[in-house]
Amino acid sequence: MDNITGSSAISDFCDKLDKRLEALSEGSGKGFRIRVAGKTVEIRTPDSALSDMLFGYIAIPEAGEDAVPEAVFSFWRDDCSRFAPSGTDEGDGVWLLRQDQGVIILTLPNDSLLAADYENERYYLCADHGSPADTVDYGHPIPQLFGRWAMNSSLLMLHSACVGIDGKGVLIAAAGGGGKSTLAVSCLMDGFDFISDDYVLVSREGPLTARPLYRTVGLNPDMRRELDPDMPVLRTDKDRGGKLLLDASAYPFRKELSVRAIVHPVIAGLKEPEIRRVKQGPVLVKLIHTTAQQLDYIRDPEPYRIMSQRLSCLPVYEIRLSGDLERNRERLRIFIEKELQYVQNQ
């Protein structure tokens with residue numbers, strides 16, 4: 001493929017990706033349309049089974065048949081080397097191209113291609129035939145594609161849970177295994193306002209609000225047995241200790257929730273859980289870093305700056321967890337209802 005320069009050449013590159021996807025779809029691309037943050041977007045893939053599975057993960061309602069998509073996400077498995085632009089190799093098989101117009105084309109560490117044509121709202125993720133199975137089978141294209149779109153749509157995607165009481169919410173931020181999902185799912189089952197246990201879309205401007213992306217939640221087998229949620233198991237992730245993906249669509253998700261603080265869970269094994277205010281820096285760094293890892297922002301400094309600026313208005317608290325799920329949940333409820341002060345999220 002010729003070297004890519006200029007916005008017209010970028011469009012040509014994306015046109016070739018569209019033609020390849022159409023060829024793999026035998027002339028009839030498969031996918032679905034959904035509503036996200038007030039916009040209609042479409043997800044396309046040549047694999048109808050994958051399309052059905054991805055739709056089963058999404059928490060956003062399906063768009064009407066006549067709705068015109070404002071953004072299109074394409075995902076498929078192919079030989080990524082066929083798309084490499086000449087003159088852009090950075091070594092070790094990684095090639096990267098940026099344009100002033102905001103277009104990005106790059107390869108990712110998991111042997112996949114990510115392309116974003118921001119001007120025309122087209123987003124692509126091609127997983128190499130030799131890439132890990134979970135790149136295709138476990139819904140990973142959703143956060144990667146939506147994360148790029150969000151940056152161009154006055155939104156941010158964060159690797160965080162979000163729950164609340166009476167419309168007043170908190171982000172629950174922790175790395176994998178830190179108790180984030182267990183605390184969030186426990187709150188969901190007890191009637192808290194609920195957005196997500198894993199990824200949230202937050203507004204870039206105005207009052208900070210969170211919106212859901214998935215209708216699923218994830219738990220390890222021990223926590224599922226302890227919580228005993230009445231949710232169908234969609235899959236078991238054997239590569240991550242048997243973590244279960246559960247269909248939580250029978251529970252009410254909030255369409256939007258005002259975010260007033262960040263809560264960082266710490267597994268402490270106390271008899272009674274404790275909540276205290278802590279310095280922003282360490283928790284924000286961890287939240288931004290884990291988000292960047294999940295969305296493959298590692299080589300791009302701009303999302304770090306945007307996330308840091310946006311989240312700096314939020315107070316940060318640490319909840320030191322007990323071994324009792326009910327006590328942890330009730331301590332968080334009291335904190336949100338009675339102790340969390342109003343924060344002017346501007």
Side-chain angles (χ1 to χ4, degrees), residues 7 10-11 14-15 17-18 21 29-45 50-76 101-104 114-125 139-160 162 167 169 171 193-196 198-216 249 252-259 291 294-297 300 302-303 306-307 310-311 345-346:
S7 58
I10 290 291
S11 293
C14 293
D15 287 343
L17 295 182
D18 285 335
L21 184 63
K30 301 175 179 65
F32 54 88
R33 294 177 183 178
I34 54 176
R35 295 286 293 174
V36 182
K39 298 183 179 182
T40 298
V41 301
E42 182 174 343
I43 295 181
R44 296 175 179 173
T45 174
L50 177 61
S51 176
D52 292 342
M53 182 184 67
L54 294 179
F55 181 74
Y57 293 166
I58 296 291
I60 311 301
E62 188 173 5
E65 294 182 0
D66 297 332
V68 177
E70 299 175 59
V72 177
F73 305 91
S74 299
F75 176 65
W76 71 105
Q101 294 87 354
V103 178
I104 179 171
L114 176 66
D117 180 353
Y118 293 122
E119 182 176 351
N120 296 300
E121 292 281 22
R122 294 186 291 179
Y123 303 85
Y124 306 85
L125 184 63
H140 287 195
I142 295 176
Q144 288 181 354
L145 291 172
F146 274 84
R148 296 287 170 178
W149 168 78
M151 291 289 291
N152 197 45
S153 303
S154 299
L155 297 166
L156 286 173
M157 184 178 289
L158 299 175
H159 184 225
S160 173
C162 183
L171 299 176
D193 295 337
F194 186 83
I195 294 291
S196 174
D198 205 16
Y199 291 101
V200 296
L201 291 166
V202 299
S203 57
R204 285 265 296 275
E205 299 174 353
L208 204 157
T209 56
R211 301 178 176 92
L213 182 61
Y214 288 104
R215 63 160 60 107
T216 58
S249 59
F253 284 61
R254 283 291 296 262
K255 294 181 180 179
E256 186 175 283
L257 191 59
S258 174
V259 177
T291 297
Q294 293 290 323
L295 304 183
D296 290 297
Y297 285 151
D300 188 353
E302 185 66 5
I306 294 172
M307 284 187 281
R310 183 55 169 152
L311 297 174
N345 292 326
Q346 300 292 341

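The first residue in the sequence is number 1, and the count goes up from there.
- When all heavy atoms of Leu201 and Pro212 are compared, the closest pair comes out as CD1-O, 4.4 Å.
- Asn152 and Tyr123 get closest at one heavy-atom pair: ND2-OH, 3.5 Å.
- Two residues are said to be in side-chain contact when any heavy atoms from C-beta on lie closer than 4.5 Å; Arg122 and Ser74 fail this criterion.
- Between Cys162 atom SG and Leu171 atom CG the span is 5.0 Å, to the nearest 0.5 Å.
- Side chain of Arg215 to main chain of Ile58: a donor-acceptor pair is present (N/O by atom type, distance under 3.5 Å, no hydrogens or angles).
- Using modelled atom types, one side-chain atom of Arg310 and one backbone atom of Ser203 make a donor-acceptor pair closer than 3.5 Å.
- Among all heavy-atom pairs drawn from Phe194 and Pro252, the shortest one is CB-O, 4.3 Å.
- Distance check, rounded to the nearest 0.5 Å: CG of Leu21 to OG1 of Thr45 gives 7.0 Å.
- The closest side-chain heavy-atom distance from Leu125 to Arg148 is not below 4.5 Å.
- For the atom pair OG of Ser153 and CZ of Phe146, the computed distance is 10.0 Å after rounding to the nearest 0.5 Å.
- Put simply, the residue from Val200, Leu213, Val202 that forms a side-chain contact (heavy atoms from CB on, under 4.5 Å) with Met157 is Leu213.
- With a 6.0 Å radius and a threshold of 12 heavy atoms from other residues, nucleotides or ligands, Glu205 has its CD atom at or below the threshold.
- Closest of all the heavy-atom pairs between Glu70 and Gly38 is OE2-O, 4.3 Å.
- If you take CD on Glu42 and CD on Glu121, they are separated by 13.5 Å, rounding to the nearest 0.5 Å.
- Between Ala210 and Val259, the closest heavy-atom pair is CB-CG2, 3.8 Å.
- In this structure a side-chain-to-backbone donor-acceptor pair under 3.5 Å is present from Ser196 to Asp198.
- Here the straight-line distance linking atom CH2 of Trp149 with atom CZ of Phe73 works out to 6.0 Å at 0.5 Å rounding.
- To the nearest 0.5 Å, atoms OG1 (Thr209) and CZ (Arg254) are separated by 11.0 Å.
- Using a 4.5 Å heavy-atom threshold, the side chains of Val41 and Pro69 count as separate.
- Pairing each heavy atom of Gln144 with each of Leu295, the nearest pair is N-CD2, 4.2 Å.
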Arg33/Asp66 under salt bridge (charged side-chain N to carboxylate O under 4.0 Å, His left out): CA gap, chis, key distance, verdict: CA-CA 10 Å; Arg33 294 177 183 178; Asp66 297 332; over 6 Å; no
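- The closest donor-acceptor contact from the side chain of Ser51 to the backbone of Phe55 lies at 3.5 Å or more, if one exists at all.
- Taking Asp52 as the reference, nothing meets the salt bridge (charged side-chain N to carboxylate O under 4.0 Å, His left out) condition, with sequence neighbours excluded.
- Salt bridge Asp193/Lys255: absent, no basic N to carboxylate O contact under 4.0 Å.
- Taking the six-membered ring where tryptophan is involved, the planes of His159 and Tyr199 are tilted, since the angle between them lies from 30° to 60°.
- The ring pair (Phe, Tyr, Trp, His ring centres under 6.0 Å) test applied to Tyr124 returns no partner, not counting sequence neighbours.
- Between Arg211 and Glu256 a salt bridge is recorded (basic side-chain N to carboxylate O distance below 4.0 Å).
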